[in-house]
Amino acid sequence: MYKLSEIMERAEQLAPNQPQFHQAVEDVFHSVVPYINEQEKYQNHALLEQLLVPDRIIEFRVTWQDSEDNMQVNRGWRVQHNNALGAYKGGLRFHPSVDLDTFKFLAFEQTFKNALTGLPMGGGKGGSDFDPKGKSDADILRFCQAFMLKLSNYIGPKQDVPAGDIGVGSREIGYLFGAYKQISGVFNGVLTGKAPGSGGSLIRKEATGYGTVYFLEAMLAHQDKELKGLTCAVSGAGNVALYTVEKLLQKEAKVITVSDSDGTLLCQSGFTSEHLEAIKTNKQVERGRLKDLADSSKDFEFKADTKPWQFNCDVAIPSATQNELNEEDAKALHENKVVYVVEAANMPLTSAATAYMVENKVVVAPSKAVNAGGVAVSGLERTQNALMQSWSSDKVDKELKKIMQDIHQACIEFGEEEEGINYIKGANLAGFIKVADAMLFQGIS
Ligand code: GLU
């Protein structure tokens with residue numbers, strides 16, 4: 001029999017000073033412990049103890065010479081958490097704040113998220129404390145080449161298939177892929193998120209955002225409601241946020257915010273598709289700041305140093321980064337009449353924020369279910385690469401929608417409670433069972 005407090009003590013001993021990893025573990029084990037204590041077949045295999053320790057952690061130095069001939073040193077990591085379901089799969093993040101704790105939490109989450117997609121993918125995550133912000137293209141290329149030189153030995157289409165995440169978009173994936181090809185001499189599906197002309201999948205860049213909205217639609221449909229006319233507050237202005245907004249607008253929802261680290265761009269009347277195009281140009285082409293858009297439309301207000309949770313909305317979609325929404329923000333959202341919180345970023349709510357929402361009967365849809373569309377289309381990219389095919393956007397989009405609806409169904413199956421669907425429990429159990437069954441089947445994982 002497991003006790004949550006004892007297994008969390010073990011987590012603390014094995015990985016001291018890794019608060020984000022502990023947060024992710026506690027979130028999953030909180031649902032899993034009562035479940036497996038009732039299931040004979042999961043006893044006596046040290047399943048939870050195994051999941052506390054990643055299969056392998058690769059940690060390396062990246063030395064590179066910038067375009068002004070200065071030698072630069074960064075740190076790199078790849079956490080290969082679990083490959084019971086298939087080759088390790090998960091993004092690379094380039095951001096100055098990252099450390100081993102970040103990648104351990106992300107890789108742990110990725111294992112269960114990937115399981116939910118139903119595709120044969122294990123979980124991994126990696127990246128570097130390199131800061132791409134404000135760097136020239138030449139410096140990004142030099143860094144990506146040096147990073148891949150250190151990583152290339154540990155990845156491969158049947159071994160570990162990285163992709164993008166914060167700070168790693170199409171440009172970085174292109175440079176990393178080019179470097180891998182030079183080092184190995186082979187053109188294969190070692191990375192996903194490639195441009196469609198280089199073996200990438202259509203709809204990959206939109207997939208996390210579109211998948212988020214497909215999941216939200218499934219939640220609403222389950223309650224005989226629709227998205228049309230609902231007011232949504234979105235945070236972030238990266239890939240996830242902007243394609244979430246795009247799909248929300250297609251579904252005629254009203255989207256009132258996006259944000260970056262300077263503050264929130266508010267549009268009380270709701271963004272139009274022209275507004276979204278202007279935001280995309282600012283972020284994706286000019287790599288600019290939202291505050292520079294404030295005067296471009298009379299409908300916009302820029303709220304410096306403010307998060308998007310201060311305004312009336314039906315749905316809140318945190319799409320920026322982990323722990324961006326704290327208890328105080330949760331209280332503000334509750335006062336502003338929020339009904340659904342849909343996590344599009346990885347673990348965007350602090351534990352206290354989640355507890356507050358649950359206590360106040362706000363429905364929380366967890367990231368491992370909501371944002372699985374990105375990695376799902378990465379899985380479809382791998383399939384296309386293996387078959388040497390390129391599918392139409394219509395085909396990929398239909399597959400994505402079906403996967404998100406199936407994930408929603410799995411959440412219902414495992415999360416049904418008297419008061420309604422507990423999406424956190426549903427996603428945790430549905431993901432865990434797939435991983436645990438494969439681990440048991442393989443004896444030693
Ligand atoms: N970084 C994304 C995630 O958090 C995508 C990973 C992938 O496509 O492998 O799921």
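Just so you know, residue 1 is the first one in the sequence shown, and it goes up from there. Excluded from the calculations below are hydrogen atoms, water molecules and symmetry mates; all remaining heavy atoms, backbone and side chain alike, are included. Just follow the structure's listing: the first ligand is 1, and inside any ligand the first atom is 1.
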Checklist entry - Given the side-chain rings of Phe187 and Phe177, with only the six-membered ring counted for Trp, is the space between their centroids under 6.0 Å? => result yes
Checklist entry - Under 3.5 Å, is there a donor-acceptor pair between the Ser235 and Glu324 side chains? => result yes
Next on the checklist: Is the distance between the ring centroids of Phe21 and Phe103 under 6.0 Å?
Outcome noted: no
Item to check | SB check Asp131 Lys135 (cutoff 4.0 Å) | outcome: no
Next on the checklist: Could you tell me if the side chain of Gln384 sits less than 4.5 Å from the side chain of Val396, heavy atoms only?
Outcome noted: yes
Name each N or O atom in ligand 1 that is under 3.5 Å from a protein N or O, and give the partner atom and the distance.
residue  : atom   : partner : partner atom : Å
ligand 1 : 1 (N)  : Lys125  : NZ           : 3.3
ligand 1 : 1 (N)  : Gly164  : O            : 2.9
ligand 1 : 1 (N)  : Asp165  : OD1          : 2.8
ligand 1 : 4 (O)  : Lys113  : NZ           : 3.0
ligand 1 : 4 (O)  : Lys125  : NZ           : 3.0
ligand 1 : 4 (O)  : Asn346  : ND2          : 3.1
ligand 1 : 8 (O)  : Arg204  : NH2          : 3.0
ligand 1 : 8 (O)  : Ser378  : OG           : 2.5
ligand 1 : 9 (O)  : Lys89   : NZ           : 2.7
ligand 1 : 10 (O) : Gln110  : NE2          : 3.1
ligand 1 : 10 (O) : Lys113  : NZ           : 2.8

Next on the checklist: I'd like to check Lys307 versus Asn326 (side-chain heavy atoms, cut-off strictly below 4.5 Å). Are they in contact?
Outcome noted: yes
